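Treat the numbers as computed from the prediction; the structure is a model and nothing was measured. Numbered from 1 within each chain, the chains take letters A, B, ... in sequence-line order.
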Number of protein chains: 2
Amino acid sequence: MELMEKKMDLFIKKCKQEGLKITPQRIAVYEILLNSKSHPTVEEIYEEVRKRYPFVSLATVYRTVETLEQVSLVRKVCYWGSSARYDANTEDHHHIVCIKCGIIRDIHVQGEPQISEKPEDFEVLGYSINFYGLCSSCKKNHSST
Amino acid sequence: MELMEKKMDLFIKKCKQEGLKITPQRIAVYEILLNSKSHPTVEEIYEEVRKRYPFVSLATVYRTVETLEQVSLVRKVCYWGSSARYDANTEDHHHIVCIKCGIIRDIHVQGEPQISEKPEDFEVLGYSINFYGLCSSCKKNHSST
DNA sequence: ATACCTGCAAAGGCTTTGCGGTTCG
DNA sequence: CGAACCGCAAAGCCTTTGCAGGTAT
């Protein structure tokens with residue numbers, strides 16, 4: 001996978017640009033987000049990080065994802081009151097969310113939505129489309145709940 | 001405004017249907033949500049309710065909105081880590097959100113988005129489109145921030 | 001009369017923060 | 001070396017819950 005390495009290079013470059021130091025914790029968090037398609041919660045990232053570095057604290061993971069978000073290396077996504085989740089894919093894309101377990105996956109959508117009547121003076125900067133439903137594993141267990 | 005009264009009638013009917021008691025607190029919360037276009041937070045609803053009934057507790061407002069959500073009389077919406085907001089408009093519609101103050105307004109959108117590659121086995125139940133940007137009052141103060 | 005609802009206060013999650021010591025550049 | 005960063009523990013939101021008394025039907 002050289003795509004990963006390319007992204008890690010960009011990560012390092014971006015950090016230097018922004019005056020952020022390259023620490024093992026930061027690399028670990030970003031790498032985990034790059035490797036994951038499920039948009040993990042901070043807790044999940046934390047558990048993953050600790051497999052490599054058992055001494056890392058939860059607060060550090062919180063601080064790291066916030067820092068990375070500020071420099072647009074990751075995105076924060078939150079749905080339905082569950083805890084925040086993070087996404088290393090910062091390109092234009094949308095999400096499909098399981099209403100039961102909260103897992104999120106990236107999707108692409110054709111065409112652009114058009115607002116019929118925009119509130120006056122509202123400056124639109126972007127949009128996101130969220131599909132929701134049941135993922136395969138939750139669908140299986142759905143009847144038995 | 002007889003539309004309001006019509007909606008209040010539906011509210012009463014729905015409550016009876018569901019075996020919910022019609023209490024002043026419930027009426028107040030629902031009325032406030034009906035009258036508001038800004039999708040208030042629980043805290044905001046609470047402050048509004050207390051103008052009429054100074055003895056009402058915050059816990060009651062939390063319980064009330066949750067109950068109303070369960071019987072589909074209101075909808076919970078949450079964006080960007082700010083606290084949850086509630087919406088008495090349960091018809092199909094989408095939202096436009098100010099990234100600065102968090103205010104939400106309803107909008108309508110033309111056409112339906114089409115997913116290019118849906119993850120296998122994911123059962124799609126619905127979708128929502130969220131536009132984000134700056135509302136008029138935040139846009140004014142933007143340069144001075 | 002009774003099942004449901006409320007106010008109060010305490011507890012529960014998730015997230016942030018202050019501090020002193022550590023590490024990167 | 002200095003600024004940025006980290007681990008730890010404590011504190012801060014927002015939200016939920018247990019209980020005893022009150023209210024709608």
Could you write out DNA chain D as dot-bracket? Rules: Watson-Crick or G-U wobble, both distances under 3.5 Å, brackets [ ] for crossings, | for pairs with another strand, dot for unpaired. |||||||||||||||||||||||||
Any residue of residues 46-57 of chain B with a heavy atom less than 4.0 Å from an atom of DNA chain C: Phe55(B), Val56(B), Ser57(B)
Could you give the CD1-to-P distance, from Ile45(A) to dT15(C), as a whole number of Å? 10 Å
Using whole Å, what does the distance between atom C1' of nucleotide dT16(C) and atom CD of Glu69(A) come to? 14 Å
Return the polar atom pairs (N/O with N/O) between nucleotides 22-25 of chain D and the protein under 3.5 Å, or none.
unit_1	atom_1	unit_2	atom_2	d
dA24(D)	N3	Lys21(B)	NZ	3.2
dT25(D)	OP1	Ile22(B)	N	3.4

What do you reckon, is CD of Glu117(B) surrounded by more than 12 foreign heavy atoms closer than 6.0 Å? no
So which protein nitrogen or oxygen atoms get under 3.5 Å of nucleotides 14-17 of chain D's nitrogens or oxygens?
unit_1	atom_1	unit_2	atom_2	d
dT15(D)	OP1	Ala84(B)	N	3.1
dT15(D)	OP2	Tyr62(B)	OH	2.5
dT15(D)	O5'	Tyr62(B)	OH	3.2

Taking every non-hydrogen atom, the tightest pair across Tyr127(B) and Gly111(B): OH-O, 4.1 Å
Joint cluster assignment, Met8(B) & Val49(B), ILVMFWY side-chain distance < 4.5 Å: yes
Fit a plane to each ring of Phe11(B) and Tyr30(B), take the angle between them on a 0 to 90° scale, and name the class: parallel (under 30°), tilted (30 to 60°) or perpendicular (over 60°). parallel
Which heavy atom of Pro113(B) sits nearest a heavy atom of Phe131(A), and at what distance? CG-CZ, 3.9 Å
Closest non-hydrogen atom pair, His93(B) against Glu91(B): ND1-O, 2.6 Å
Any donor-acceptor pair under 3.5 Å from Lys139(B) side chain to Asp121(A) backbone: yes
So, for Tyr132(A) and Ser128(B), which heavy atoms are closest and what is the spacing to 0.1 Å? CE2-N, 4.2 Å
Where at least one partner belongs to residues 18-32 of chain A, residue pairs that pass salt bridge (Lys or Arg N to Asp or Glu O under 4.0 Å), sequence neighbours excluded: Lys14(A)-Glu18(A), Glu31(A)-Arg52(A)
Taking OP1 and OP2 of dT23(C), is either one under 4.0 Å from a side-chain nitrogen or oxygen of Gln25(A)? no
Gap separating the CD1 atom of Ile107(B) from the CZ atom of Arg105(B), nearest 0.5 angstrom: 12.0 Å
Would you give me the side-chain donor-acceptor pairs under 3.5 Å for residues 39-47 of chain B, sequence neighbours excluded?
unit_1	atom_1	unit_2	atom_2	d
His39(B)	ND1	Lys37(B)	O	3.1
His39(B)	ND1	Ile104(B)	O	2.7
His39(B)	NE2	Asp87(B)	OD2	3.1
His39(B)	NE2	Asp106(B)	OD1	2.7
Thr41(B)	OG1	Glu44(B)	N	3.1
Glu44(B)	OE1	Thr41(B)	N	2.9
Tyr46(B)	OH	Arg50(B)	NH1	2.8

Would you find a donor on one side and an acceptor on the other, under 3.5 Å apart, between the side chain of Thr64(B) and the backbone of Thr60(B)? yes
Is Ile103(B) reachable from Val124(A) through a run of hydrophobic residues whose side-chain heavy atoms are each under 4.5 Å from the next? no
